[in-house]
Protein chains: 2
Amino acid sequence: MQQKVARRQGGGSTIRDVARQAGVSPMTVSRVINGEKSVRDSTRETVTAAIRDLNYAPNPAARSLASAELVRIGLLYSNPSAAYLSEFLVGGMEQTSRSGAQLIIERCDEGGEAEAAEKLVGMGVDGIILPPPICDSEAVLQTLAKSRTPAVAVATGHPAASTSAVRIDDRAAAEAMTQHLIDLGHRRIGFIKGHPNQTASAQRYEGYLTALSRAGLAADVALVAQGYFTYRSGLEAADQLLGLPSPPTAIFASNDDMAAATVAVAHRLGLDVPRDLTVCGFDDSALATTIWPELTTIRQPIADMSREAVTVLIEEIRARRSGESTPRRRTLLDFTLIRRQSDGRPKD
Amino acid sequence: MQQKVARRQGGGSTIRDVARQAGVSPMTVSRVINGEKSVRDSTRETVTAAIRDLNYAPNPAARSLASAELVRIGLLYSNPSAAYLSEFLVGGMEQTSRSGAQLIIERCDEGGEAEAAEKLVGMGVDGIILPPPICDSEAVLQTLAKSRTPAVAVATGHPAASTSAVRIDDRAAAEAMTQHLIDLGHRRIGFIKGHPNQTASAQRYEGYLTALSRAGLAADVALVAQGYFTYRSGLEAADQLLGLPSPPTAIFASNDDMAAATVAVAHRLGLDVPRDLTVCGFDDSALATTIWPELTTIRQPIADMSREAVTVLIEEIRARRSGESTPRRRTLLDFTLIRRQSDGRPKD
DNA sequence: CCTAGATTTGATACCGGTAACAGTCGGTGG
DNA sequence: CCACCGACTGTTACCGGTATCAAATCTAGG
């Protein structure tokens with residue numbers, strides 16, 4: 001006997017499959033996908049699990065057909081944090097695709113930030129995600145505010161009032177790393193500051209100071225060097241710190257690029273890392289595991305952050321469409337201190 | 001009395017409006033739109049006129065929903081350099097969105113490649129894009145061949161018979177770089193090979209040999225060290241080459257990570273780059289511009305390659321759906337030799 | 001003029017979601 | 001103890017097309 005041939009193509013699972021798996025109605029699944037709040041938490045979890053299990057992704061065609069509503073999210077990025085970007089993109093895409101939104105990616109060059117933002121707005125995006133360092137661009141923020149386009153800044157240290165933000169607690173993370181060094185027995189801990197125009201820099205520095213003072217250690221300005229988040233600036237800062245009459249036994253750089261540069265300088269001076277010098281970074285960029293020894297560093301949950309940013313943004317867009325006004329959200333995610341081979345106890 | 005609120009959005013007329021106006025069934029209108037030949041000419045004219053009258057344009061969402069024509073493309077990546085991936089993603093997304101296809105991204109860990117490929121197939125993707133290093137995974141290729149899923153390998157040196165491929169000519173690129181070193185005046189040129197299990201490695205080595213022999217230089221096996229594309233393997237290889245009684249004046253590493261390691265070793269030995277030693281890489285990864293001096297290297301047009309891969313894949317999928325069989329395609333794109341600060345003329 | 005086979009056309013059931021509204025359930029105030 | 005309320009979940013009917021198959025019409029041969 002001939003069964004009806006499904007018109008649906010291969011394995012792709014539908015909202016009904018998810019519903020069956022979760023033991024609820026398709027409508028409830030739809031509600032979960034769209035982040036409606038009238039779903040009990042326990043139900044939401046069941047459904048979310050089913051979605052994960054089945055690898056479900058909503059069919060955008062069906063969605064826009066049924067709702068006559070398509071959410072378009074813009075992602076504006078600029079060159080520098082390229083290591084960051086791929087993870088960021090993956091997380092963001094995953095979430096947009098799960099939510100059936102459309103993600104539009106736009107790259108901008110130095111100086112063209114505001115212009116690129118306008119272009120996105122002109123293309124009709126409903127909201128924009130701003131990874132660092134764009135998230136700190138005054139020009140972009142103003143452009144977006146003017147066109148009343150919702151935005152979510154990711155990993156900015158000091159979020160503007162006009163945008164929502166997703167970030168880790170840079171201060172706490174830097175404090176934790178400094179504390180880690182203190183726990184290892186270090187007393188002379190050098191610090192390389194980040195670029196002064198990025199708001200996270202100041203916060204990381206504050207965390208460093210906080211940990212020192214809590215441990216009753218005096219902050220020695222000679223042990224603090226100014227860097228600019230680049231490898232090259234790290235070389236100079238490390239040269240300065242390691243050239244001191246009484247150099248630090250550990251150096252905490254505000255990002256991995258500068259930490260890598262510090263390792264390079266140490267090697268040039270014949271110092272072994274970590275035997276003669278402990279070096280720690282921040283970001284857990286690709287560089288951290290590329291060089292040898294691999295860097296102890298702070299890992300930001302980048303993919304989670306962009307996922308969260310997308311979620312927040314979609315919520316804001318939906319709320320705005322139904323005429324509600326939403327407060328700007330501030331989300332803090334957890335960081336992780338990742339211990340690798342670049343730290344150890346001081347020699348003496 | 002409350003009328004039913006039309007869920008349809010503004011002014012657009014539907015296939016039913018056209019059908020009514022033309023006095024036929026919606027199905028017939030659909031046939032006219034799709035240019036099926038089983039419609040009487042007179043009918044076709046009536047319908048065409050109605051379409052023009054009403055300014056009708058078919059709703060693309062409904063169309064792709066009904067015809068299940070949605071093309072889903074999977075992108076399976078493991079752990080290439082982050083910079084590579086992000087560019088790759090951007091190009092791929094741009095093209096899929098242009099073509100109205102859906103892109104699904106899946107990450108896999110070492111050893112789980114085949115499993116991840118199966119997962120994608122299970123999710124109902126119609127074809128898969130394989131960036132390096134996955135493109136050389138025998139397990140993945142077999143999995144895909146078994147499920148008859150079309151695939152496009154990007155940047156593999158030696159494409160499998162079962163897949164299409166988009167790549168640059170690694171041999172020619174390595175030859176060009178070697179020639180560049182020869183032109184600068186170098187005669188003792190060291191080479192660090194890539195991982196033997198990646199097919200591009202052998203091609204790069206061949207290119208190196210070709211350039212030497214064309215310049216009438218003898219290939220000295222002592223100047224060739226085995227590396228594995230990792231920074232650490234680069235450290236060892238560079239140690240070996242620079243420890244020779246008569247070390248090379250230039251070292252050409254098969255990728256940027258190993259070139260960066262070579263720079264580090266040179267610095268440790270008190271050699272200035274490029275004054276005392278020229279170092280070149282391959283890939284133009286983020287690392288190339290992160291370290292100091294920035295590396296002279298070969299740039300692959302990554303975004304273009306992924307764009308092209310998507311295009312080829314969609315063509316194959318469409319052809320296959322309409323029952324045609326397509327030959328596997330081989331596309332070569334142009335590379336660029338990027339000159340930065342890590343090369344110079346030999347000292348003597 | 002009739003009937004088999006080919007050509008056109010139509011009715012129906014979907015595609016995979018969501019809007020609107022109708023329950024269901026536990027708690028509350030009278 | 002019951003009507004009522006609010007929070008949650010399910011039912012039904014679509015969105016605008018197309019695949020499928022049956023019905024209607026046409027064509028040609030006997």
Side-chain angles (χ1 to χ4, degrees), chain A residues 2-20 22-47 51 54 56-71 97-101 318 321-322, chain B residues 2-20 22-47 51 54 56-72 100 102 124 321-322:
Chain A
Q2 172 102 359
Q3 274 297 63
K4 180 179 51 130
V5 178
R7 254 159 74 185
R8 177 166 92 237
Q9 45 192 335
S13 43
T14 76
I15 201 172
R16 276 164 251 264
D17 299 327
V18 175
R20 198 174 319 119
V24 299
S25 76
M27 199 56 228
T28 301
V29 177
S30 170
R31 290 194 174 102
V32 170
I33 295 170
N34 292 299
E36 289 180 30
K37 48 204 166 231
S38 71
V39 178
R40 194 180 320 179
D41 281 348
S42 61
T43 311
R44 183 188 310 278
E45 276 167 36
T46 318
V47 172
I51 290 180
L54 296 178
Y56 169 73
N59 179 326
R63 181 171 253 256
S64 76
L65 177 57
S67 61
E69 153 191 322
L70 180 63
V71 175
S97 124
R98 261 194 226 306
S99 317
R318 291 242 154 83
R321 279 193 184 168
S322 50
Chain B
Q2 172 104 358
Q3 271 299 57
K4 180 179 51 129
V5 178
R7 257 159 72 183
R8 181 164 88 236
Q9 44 193 336
S13 45
T14 76
I15 201 171
R16 275 163 249 265
D17 299 328
V18 176
R20 199 174 318 119
V24 297
S25 78
M27 200 55 232
T28 301
V29 177
S30 169
R31 291 195 173 101
V32 171
I33 295 169
N34 292 299
E36 288 181 31
K37 48 200 172 229
S38 69
V39 178
R40 197 180 335 199
D41 283 349
S42 60
T43 313
R44 183 189 312 279
E45 277 167 35
T46 320
V47 172
I51 290 179
L54 296 178
Y56 168 74
N59 178 328
R63 223 170 171 182
S64 82
L65 177 57
S67 57
E69 186 188 78
L70 178 67
V71 175
R72 299 178 134 184
Q102 191 181 357
R321 280 193 183 167
S322 49

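Quick caveat: nothing in here was measured; it's all calculated off a predicted structure. In what follows, chains carry the letters A, B, and so on, assigned in the order in which the sequence lines appear, proteins first and then strands, with residues in each chain numbered from 1.
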Problem set entry | Separation of atom CG in A:N59 from atom P in C:dC14, rounded to whole Å | 18 Å

Exercise. In whole angstroms, how far is the P atom of C:dT18 from the CD atom of A:E36?
Worked result: 9 Å

For this session: Return the minimal non-hydrogen interatomic distance between B:V39 and B:R31, and the atom names on each side.
Result: CG2-CB, 3.7 Å

Exercise. Looking only at side-chain N and O atoms, does A:S25 come under 4.0 Å of OP1 or OP2 in D:dG10?
Worked result: yes

For this session: Send over the distance from A:M27 CE to D:dT9 P, rounded to a whole Å.
Result: 12 Å

Exercise. For B:R20 and C:dG10, what is the distance between atoms CZ and C1' respectively, to the nearest whole Å?
Worked result: 16 Å

For this session: Quick one: label A:T28 by what it contacts on the DNA or RNA (base, sugar-phosphate, nothing), any heavy atom closer than 4.0 Å.
Result: sugar-phosphate

For this session: Ignoring the backbone of A:S30, work out which of C:dT18, C:dT9, D:dG17 is nearest its side chain.
Result: C:dT18

Seminar exercise, completed: Comparing nearest nucleotides in DNA chain D, the 5'-proximal residue of the pair B:I15, A:R31 is A:R31

Exercise. Any side-chain N or O of B:T43 under 4.0 Å from OP1/OP2 of C:dT9?
Worked result: yes

For this session: Please state how far atom CZ in A:R40 lies from atom P in D:dG10, giving the value in whole angstrom units.
Result: 10 Å

For this session: Would you mind telling me which residue lines up with the more 5' stretch of DNA chain D, A:V39 or A:R16, judged by nearest nucleotide?
Result: A:V39

Seminar exercise, completed: Rounded to whole Å, CZ of B:R44 lies from P of C:dT7 at a distance of 15 Å

Exercise. OP1, OP2 of C:dT18 versus side-chain N and O of A:R63: anything below 4.0 Å?
Worked result: yes

For this session: For B:R72 and C:dC15, give me the distance from atom CZ to atom P, rounded to whole Å.
Result: 14 Å

Exercise. Should A:I51 and A:I33 count as side-chain neighbours, where that means a heavy-atom distance under 4.5 Å?
Worked result: yes

Exercise. Separation of B:L65 atom CG from C:dA13 atom C1', in whole Å?
Worked result: 13 Å

Exercise. Does a nitrogen or oxygen in the side chain of A:S38 sit under 4.0 Å from OP1 or OP2 of D:dC8?
Worked result: no

